[in-house]
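Protein chains get the first letters and strands the later ones, always in sequence-line order, with residue 1 at the start of each.
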Amino acid sequence: MSTAMNFGTKSFQPRPPDKGSFPLDHFGECKAFKEKFLKCLRDNNFENTLCRNESKEYLECRMERPQIKNLSSRRSLRSLEL
Amino acid sequence: MAVLGRPPWRRLGACWGWWGGRAAALQQRQPPWRLKSTNPFTREQEQEWRRRNRTVLMYVAAAAVGMIGASYAAVPLYRLYCQTTGLGGSTVAGHASDQIETMVPVKDRIIKVTFNADVHASLHWNFRPQQTEIYVVPGETALAFYKAKNPTDKPVIGISTYNVVPFAAGQYFNKIQCFCFEEQRLNPQEEVDMPIFFFIDPEFAEDPKMAKVDVITLSYTFFEAKGGHKLPVPGYN
């Protein structure tokens, strides 16, 4: 946050996430998918475009947990299929 | 002497004969609202002046009260103005979540997003990003991970907020899902992965002010939460 009292300069406004908070993976059920995704990133020099399949797999793993029946985030998951 | 019995402002003309008497009469103090002039011609003029003075005083007082009222009214009016025109970084209507499926990535603009993690001094967590940077293009959704570990032997509740540098790029940084602004509880010795699912708005590529921006830094800070508090979500309500 900007601490200087700058009148007229734009200050940062944090916004809440669009689909809400991610319920955390406290039991580590999707850890394998996460490791695969991070390995893919490291191999491809941290380029996101080349690792979209792995991120889709991770998100699918999180979505199929019984406590996350979130239809609206399934729609955003479809964006990864492009 | 009889002079000493008079009030001080009436002792002036004593003992000076006729002239002294006139001087004393002239310098006698009158109560303040009596007109100064004794002459009937100048008395009317003085009354006119007094009336005009009173009118001017009324106008000036009304202007002062008006200014104070305007300064109180400015706050909601400015807020309305900002929301309609979208100035000052407030969210512009049009960031609909439906566009996530239909947005087209702008492939020729590669942006490096670096990650930073901070922790408040009273919160003894190990909080760090799991990748130092990631290269994205506007319009493409991306996933990033942070990791937090609670090395203490008591459950701790934390809550986080984030910051995007440069500030002006923050309005294009949309998070679909993340772990911020909600209380996250970590049991003793628990380590958890914290994902962020985000994208940069395709309009970023069309903004002339963002033409030189190639690096965006996303910084998360965790604070300790006293359980049970419901924090207001940032933004105007």
To the nearest 0.5 Å, how far apart are [atom1] in [X] and [atom2] in [Y]?
X       : Y       : atom1 : atom2 : answer
I134(B) : L41(A)  : CD1   : CG    : 4.5 Å
D193(B) : E35(A)  : CG    : CD    : 7.5 Å
N45(A)  : Y135(B) : CG    : OH    : 6.0 Å

With a 4.5 angstrom heavy-atom cut-off, is it the side chain or the backbone of [X] that approaches chain A, or both, or neither?
X       : result
Q130(B) : both
F173(B) : backbone
V164(B) : both

- Message: Looking at every heavy atom in both T141(B) and N48(A), which two are closest together, and how far apart are they?
- Response: O-ND2, 3.2 Å

- Message: What verdict does the side chain to side chain contact (heavy atoms under 4.5 Å, CB included) test give for Q177(B) and R62(A), after you've listed the backbone C-alpha separation in whole Å, the side-chain angles of each residue and the deciding distance to 0.1 Å?
- Response: CA-CA 12 Å; Q177(B) 278 196 310; R62(A) 301 289 294 136; over 6 Å; no

- Query: Is the count of non-hydrogen atoms from other residues, nucleotides or ligands lying under 6.0 Å from K149(B) atom NZ greater than 12?
  - Reply: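 Yes, enclosed.
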
- Query: For the ring pair F197(B) and Y58(A), is the centre-to-centre distance below 6.0 Å?
  - Reply: no

- Message: Only pairs of heavy atoms separated by less than 4.5 Å count here; which of Q131(B), E140(B), E191(B), E182(B) has the most with chain A?
- Response: E140(B)

